[in-house]
Enquirer: 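I have a structure here, written as structure tokens, and I will follow up with some questions on it.
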Amino acid sequence: PVFAGMNGSAIENFSCVIYNIFLMNCTWQAGRDAPADTQYFLYWQKSREDNQMECDLYIQGENGRNMGCMFQNVSIGIEKAYFLVNGSSKDSLIQFYDEYIDLYKIEILTAPLNVTAHCTRDSAGCIITWHPPLTSHVEKAECFQYEISIQNK
């Protein structure tokens, strides 16, 4: 059966973020009813054409259990990426967890670059300029919206 394994043994609270343009960090919590010796393994596939890859750099919690993964050189494509976390235990079968994620939705953008402010004492006020943040997938500067918060007048 597709959902073979002990109920409550699959991971919970799976979450991924992309930051600094090409780094991705995924984390999860052990299933609430998973045996103490359960070890989890993360695989992901950027698109249907790409091969499935296992995590290279696991983040381990207490007892050496894999609780997350860090990926480098991630690029954002147009298809949803597929994530699969399965587990193993000598005591029982562990249910797997899987999810499709639009990578562009989990990217934390860097701050705008080269922010400058030129203020004058006359009624012209201040001119503030900047360049769009670096990103791996947005090619048009018009795609960004900005908000300026002036703290002191």
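As the structure is a prediction and not an experimental result, all values here were calculated from the model.
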Enquirer: Give a yes or no on whether Ile127 atom CD1 has more than 12 heavy-atom contacts from other residues, nucleotides or ligands under 6.0 Å away.
Expert: no
Enquirer: Looking at every non-hydrogen atom in both residues, tell me the closest pair between Arg65 and Asp37 and how far apart they are.
Expert: NH2-N, 4.3 Å
Enquirer: So which heavy atom on Cys69 is nearest to which on Ile59, and how close?
Expert: N-CD1, 3.8 Å
Enquirer: Between atom CD1 of Ile11 and atom CG of Asn86, what is the distance when rounded to the nearest 0.5 Å?
Expert: 10.0 Å
Enquirer: Find the distance between OG (Ser89) and CD1 (Ile94) and round it off to the nearest 0.5 Å.
Expert: 4.5 Å
Enquirer: For Trp130 and Pro112, which heavy atoms make the closest approach, and how far apart are they?
Expert: CD1-CB, 3.9 Å
Enquirer: Would you give the length of the straight line joining atom OH of Tyr82 to atom CZ of Arg48, rounded to the nearest 0.5 angstrom?
Expert: 12.5 Å
Enquirer: Just by distance, do the side chain of Asn63 and the backbone of Ala36 share a donor-acceptor pair under 3.5 Å?
Expert: no
Enquirer: Just verifying a value: how many Å separate Gln72 CD and Asp56 CG, rounded to the nearest 0.5 Å?
Expert: 8.5 Å
Enquirer: If I compare all heavy atoms of Ala117 with all of Ile128, which pair ends up nearest, and what's the gap?
Expert: CB-CG1, 4.1 Å
Enquirer: Between Leu42 and Phe14, is there a side-chain heavy-atom distance shorter than 4.5 Å?
Expert: yes
Enquirer: Looking at every non-hydrogen atom in both residues, tell me the closest pair between Met67 and Gly61 and how far apart they are.
Expert: CG-N, 3.7 Å
Enquirer: Mind listing the side-chain donor-acceptor pairs of residues 18-31 below 3.5 Å, one per line with the distance, residues two or more places apart or on another chain?
Expert:
| from | atom 1 | to | atom 2 | distance (Å) |
| --- | --- | --- | --- | --- |
| Trp28 | NE1 | Asn66 | O | 3.0 |
| Gln29 | OE1 | Asn13 | ND2 | 2.4 |

Enquirer: Can any side-chain N or O of Glu99 pair as donor or acceptor with the backbone N or O of Ser15 at less than 3.5 Å?
Expert: no
Enquirer: Would you say Pro35 and Lys90 make side-chain contact, with heavy atoms under 4.5 Å?
Expert: no
Enquirer: Please report the C-alpha distance between Met53 and Gln45 in whole Å, then the side-chain angles of each, then the deciding distance to 0.1 Å, and finally whether the side-chain contact (heavy atoms from CB on, under 4.5 Å) criterion is met.
Expert: CA-CA 6 Å; Met53 298 175 290; Gln45 189 173 3; over 6 Å; no
Enquirer: Gln151 and Ser149: side-chain hydrogen bond (donor to acceptor under 3.5 Å, both in side chains), yes or no, with the steps?
Expert: CA-CA 6 Å; Gln151 301 297 319; Ser149 174; 2.6 Å; yes
Enquirer: Can you tell me if Ile78 has over 12 outside heavy atoms packed within less than 6.0 Å of its CD1?
Expert: no
Enquirer: Kindly write out the residues that satisfy side chain to side chain contact (heavy atoms under 4.5 Å, CB included) with Ala34, not counting sequence neighbours, or none if the list is empty.
Expert: Ser9, Thr38, Tyr40
Enquirer: Anything under 30° is parallel, anything over 60° is perpendicular, the rest tilted; go ahead and classify Trp44 against Phe83.
Expert: parallel
Enquirer: If I compare all heavy atoms of Glu107 with all of Ile76, which pair ends up nearest, and what's the gap?
Expert: OE1-CD1, 3.5 Å
